[in-house]
Amino acid sequence: MADEALFLLLHNEMVSGVYKSMEQGEVENGRCITKLENMGFRVGQGLIERFTKDTARFKDELDIMKFICKDFWTTVFKKQIDNLRTNHQYLAFTCGLIRGGLSNLGIKSIVTAEVSSMPACKFQVMIQKL
């Protein structure tokens, strides 16, 4: 419970800090989004290393996606992936988190998010073949 609260507080402060720098004119909006996505990417890489250190290798991309959607997401957000409630400003970090996790599992991808009606959010993962 305490870990979840700390993660949410850190996440909120990180997004708030990046957006304050945009409002003060230090960086433009596109750079803020890129910065959040890159932070998420690095966090995702680290978390995947930690979560998969004692697991067997995945057979294929489908097994990896199942792991990301079930185990990884539930561990990070304490919610099922189909019930995620989020705010649009957090999506850059979360897309990076997913992309970083997949990257560390050997999958190069593009992750995008769409909010059609709050609080629902839809993530799309496009796997890039090498």
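Note that CG of Asp63 is 4.5 Å distant from CG of Asp60, once rounded to the nearest 0.5 Å. From Glu13, atom CD reaches atom CG of Leu10 across 8.5 Å, with rounding to the nearest 0.5 Å. Atom CD1 in Ile68 sits 5.5 Å away from atom CG in Leu105 (nearest 0.5 Å). A distance of 9.0 Å separates CG in Leu97 from CZ in Phe123, rounded to the nearest 0.5 Å. To the nearest 0.5 angstrom, Met126 atom CE is 9.0 Å from Ser109 atom OG. Distance check: Trp73 CH2 to Ile98 CD1 gives 4.0 Å after rounding to the nearest 0.5 Å.
Annotation: side chain to side chain contact (heavy atoms under 4.5 Å, CB included) contacts of Ile127 (sequence neighbours excluded): Glu61, Ile107, Val125. Partners of Asn12 under the side chain to side chain donor-acceptor pair (under 3.5 Å) rule, at least two apart in sequence or in another chain, are Tyr90.
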Donor-acceptor list for residues 40-54 side chains, cut-off 3.5 Å, not counting sequence neighbours:
residue	atom	partner	partner atom	Å
Glu49	OE2	Asn104	ND2	3.3
Thr52	OG1	Ile48	O	2.6

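Closest approach of Ile33 to Ala92, counting heavy atoms only: O-CB, 3.6 Å.
Arg99 is listed as a side-chain neighbour of Asn38, based on a closest heavy-atom distance under 4.5 Å.
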